[in-house]
Amino acid sequence: MNTLRSIKQLRDAGLIPAAQTALEQVAARYAVAITPAMAELIDRDDPNDPIARQFVPDQAELAPQPHERADPIGDDAFSPVEGIVHRYADRVLLKLVHTCPVYCRFCFRREMVGPGGRQGLTREKREAAFRYIRQHPEIWEVILTGGDPLVLPASRLRATVRTLAAIDHVKIIRVHTRMPTVAPERITAELVAALRAQGKTTYVALHANHPRELSPAARAACARIVDAGIPMLSQTVLLRGVNDNVETLSALMRAFVECRIKPYYLHHADLAPGTSHLRTSIETGRELMRQMRGRISGLCQPAYMLDVPDGAGKVPIGPSYISASAGGTEQGYEVQTIDGGVRAYPPRE
Ligand code: SF4
C-alpha cells in the first residue's frame, strides 16, 4: 500500500463514505496524506476513530471561525531570513522543508505545508539560513522543523547536522517529527546516524496524539533512536474526539515513558483555519491535567502549553495548585491537594 493522497484513494481504502462530495473542496484547500502505517490503524467500523479524525478530511474544515488565522503562532513576524524563525533569543527554528509524511487536519502550519504550500529551501537560501545562525552567537539550540525534516534523505540530514555542529555556539540540535509513528520503516540505522554529530547533543521530539500510534513498529523505531544515544521528548496536541479524556491521555503519556520518551508538551490546539471542531476549551485541558496529576507517575506529566497568538510565545497554562492566602503572601498560601482539598502553607519566617 502507498500513502493515500486523494479523496478517491481514501474512498477506495474505505476511509470515507461515497456520498461526501464536499471533501474534494477540502482536499483542494488543505493537503491530504495518510501513510500505510496510519491507514492500517484506522478502524473502518468506528465513525469516531481517533486516528481517522487526525488525518481524514472533514467538511467542517471549510468553516473557518472569526478568531482563526493563517499564521496562528506568528512565525512570519519572527523570520529574519527565509526558513529561520527567531522568536526566543537562545534558539531558532530551521524549516528546511514544508512537506510531511502525513497531513494533520489540525496542523498549525496548514497554510504553509503540503504540495500547494511553501517551497523547501534552495541551496542559496539554506546557506543564508546557516549564515544567520553563524552570525548570532546567542543561538544555543537549532530546532529542525517544517514540515517534517525526516522526509529528507539521510545524506541531506547528515550534511545539515554536520554544518550546524561545526558552529561553535550551537550546542543542541532538536528534530521535531511524526516519522517514528507514521512511517516507522523510515527510521533506519543510516538515518539515525545522520542525526548525530560528535561533541553536540541531538534530541528528537516525537509528535503523537493517541496511544494506538505507538504501535510495535513505532516503538521499535523509537528504540533505534534512543539506543543510538539520542534522548526523546514528546509533543501532543489536545484534540477533541481524539485524546480529550483522561484514560486516553494517561495511556498515551505512559506509552511515551515506556518507550523512553519524556512527555514534554501537551499543546492547546492553535487557532488554525477550519480546525475549531478539533479544539477543546482551555478549561477541559486544565481539568485533564488535574485528573492526570496523582493518577499517573510524575514521569508521565507533560506541561500544558498555549502558543499565544501572533507570535507572543508559549506559556504554560496550568493548572496552578497554589495561591496567596486571603491576607496576602505575608500570611502564607493556599495549596490545592490532588484529591481536591485545600491546605495552608506558611509564609517564610
Ligand atoms: S506533521 Fe506537523 S507540520 Fe506536518 S501536517 Fe502534521 S502537524 Fe503539520
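Remember, it's a predicted structure, so these values are computed and weren't measured experimentally. When reading the values below, keep in mind they use all heavy atoms of this one structure, side chains included, and skip hydrogens, waters and symmetry mates. The first residue of the sequence shown is numbered 1, and numbering continues consecutively from there. Order of appearance sets the numbers: ligands from 1, and atoms from 1 within every ligand.
Thr284 and Ser281 form a side-chain donor-acceptor contact under 3.5 Å, judged by distance and modelled atom types alone. Side chains of Gln25 and Gln59: no donor on one and acceptor on the other come within 3.5 Å. For the 3.5 Å distance criterion, the side chains of His176 and Gln235 qualify, holding a donor opposite an acceptor.
The His207 neighbourhood of ligand 1 comprises atoms 7 (S), with distances under 4.0 Å to a heavy atom of that residue. Which parts of ligand 1 touch Arg178 is read off a 4.0 Å heavy-atom cut-off, strictly below it: atoms 1 (S).
Around atom 8 (Fe) of ligand 1, the protein N, O or S atoms closer than 2.8 Å are Cys107 SG, listed by chain and residue number.
Here the side chains of Tyr304 and His267 are not in contact, with every heavy-atom distance at 4.5 Å or above.
Around atom CD of Glu283, more than 12 heavy atoms belonging to other residues, nucleotides or ligands sit under 6.0 Å away. The 12-atom threshold is exceeded at OH of Tyr103, counting heavy atoms of other residues, nucleotides or ligands nearer than 6.0 Å.
Taken to the nearest 0.5 Å, the CZ atom of Arg5 stands 10.5 Å off from the CD1 atom of Ile34.
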